[in-house]
Amino acid sequence: MRRLLHVSASPRGAASFSRTVGEELAGAIAVAMPGWTVIRRDLSLTPLPHPGPDFARANALAPDMRGPAEEEALARSEALIAEVEAADVLVISTPMHNYTVPSALKAWIDHVVRPGRTFRSTPTGKQGLLADRPTFAIVSCGGRLGDPPAGQADFLTPYLRTVLATIGLSRLDILCLEEMNRGPEKVAVARAAARLWSAACVARATAPPGA
Ligand SMILES: Cc1cc2nc3c(=O)[nH]c(=O)nc-3n(C[C@H](O)[C@H](O)[C@H](O)COP(=O)(O)O)c2cc1C
């Protein structure tokens, strides 16, 4: 069985633009490739705690130095990493909050991006330990990205690229839904672009490995 993991971060439930487009993409992939299962990790419905002192201590210890208490502190992180490892395709849908990822998504990242587990440090830099796989991110913004005054800074998409590449996920396509707070016409334009983008993503997600 092949799996698609949809990690969604919007607090806006079914009204969320990013989650809706993420669900449409997941559904289109599942239809194109019967037998695929969609796993949903809704970070708003089930928020993750921020890393606490036990997590920080356990995370800094080499695996052979950890006892049962440290293993317990990392159990949630291990389950989240296992979810990513089991996924053939990853979809991340998120709003932009104050120029970057919402804290709900940052907490997920902090549990998944771990030294000695999903990346290692080498003399030539950090090296990802997860197998690469097609990864699609849908980012929804109220305004426009780009240079001021018309646009605004984007610390989200470069960050997402860097942090996912850190753990080995470099096959990342990002769609930005812009100006979603500027009326139905802007929303319609963004949704039309999303449909075209999703169709191209389905082809990439379902291509045989190495194609
Ligand atoms: C706390 C908060 C911060 C936000 N910060 C930004 C921002 O920096 N730039 C922006 O364009 N929109 C910002 N927005 C608007 C959302 O990005 C926008 O409404 C987006 O379409 C929501 O996506 P969703 O429908 O998937 O939840 C912010 C919204 C909230 C609630």
Side-chain angles (χ1 to χ4, degrees), residues 3-31 38-51 80 83-84 87 89-113 133-165 169 171-202 204-205:
R3 287 168 193 263
L4 182 151
L5 173 63
H6 180 193
V7 177
S8 61
S10 170
R12 297 192 330 109
S16 158
F17 295 118
S18 57
R19 182 177 287 109
T20 300
V21 172
E23 277 300 301
E24 285 169 359
L25 175 59
I29 291 172
V31 165
V38 178
I39 313 290
R40 294 176 178 85
R41 169 131 322 253
D42 185 327
L43 301 173
S44 176
L45 270 184
T46 316
L48 297 169
H50 293 294
L80 294 168
E83 218 167 51
V84 175
V89 170
L90 183 59
V91 173
I92 298 174
S93 61
T94 181
M96 172 179 278
H97 280 178
N98 294 314
Y99 310 118
T100 188
V101 292
S103 56
L105 181 56
K106 182 59 166 55
W108 180 83
I109 290 169
D110 289 341
H111 282 90
V112 167
V113 181
R133 69 209 71 205
T135 300
F136 304 102
I138 299 107
V139 177
S140 182
C141 311
R144 216 163 109 183
L145 305 180
D147 294 329
Q152 60 180 316
D154 171 18
F155 294 101
L156 197 166
T157 60
Y159 169 67
L160 209 51
R161 273 195 196 287
T162 300
V163 81
L164 293 176
L169 305 180
R171 289 166 68 187
L172 174 65
D173 281 285
I174 302 180
L175 171 75
C176 289
L177 305 166
E178 296 183 54
E179 301 190 281
M180 302 307 276
N181 288 357
R182 293 185 179 165
E185 278 152 36
K186 300 288 187 189
V187 170
V189 169
R191 295 297 311 269
R195 279 191 288 278
L196 289 177
W197 180 81
S198 292
C201 292
V202 172
R204 280 199 286 281

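The chain is numbered in sequence order, starting from 1. Note that the coordinates shown come from a computational prediction; the quantities given were computed from them, not determined experimentally. Indexing begins at 1, ligand by ligand and atom by atom, following the structure's order. Every heavy atom of this structure was used, including side-chain atoms; hydrogens, water molecules and symmetry mates were not.
Salt bridge annotation for Glu83-Arg3: absent, with no cationic side-chain nitrogen under 4.0 angstrom from a carboxylate oxygen. Salt bridge Glu24/Arg19: absent, no basic N to carboxylate O contact under 4.0 Å.
Checked by atom type and distance alone, the side chain of Gln152 never pairs as donor or acceptor with a backbone atom of Gly146 at under 3.5 Å.
Arg12 forms a cation-pi arrangement with Phe17, by the criterion of a distance under 6.0 Å to the ring centre and an angle within 45° of the ring axis.
Taking a heavy-atom cut-off of under 4.0 Å, ligand 1 is surrounded by Ser10, Arg12, Ser16, Phe17, Ser18, Pro95, Met96, His97, Asn98, Tyr99, Ser140, Cys141, Gly142, Gly143, Gln152, Met180, Asn181.
Not counting sequence neighbours, Arg161 has no partner by the salt bridge (charged side-chain N to carboxylate O under 4.0 Å, His left out) test.
For the atom pair Ser103 OG and Asp110 CG, the distance stands at 10.5 Å (nearest 0.5 Å).
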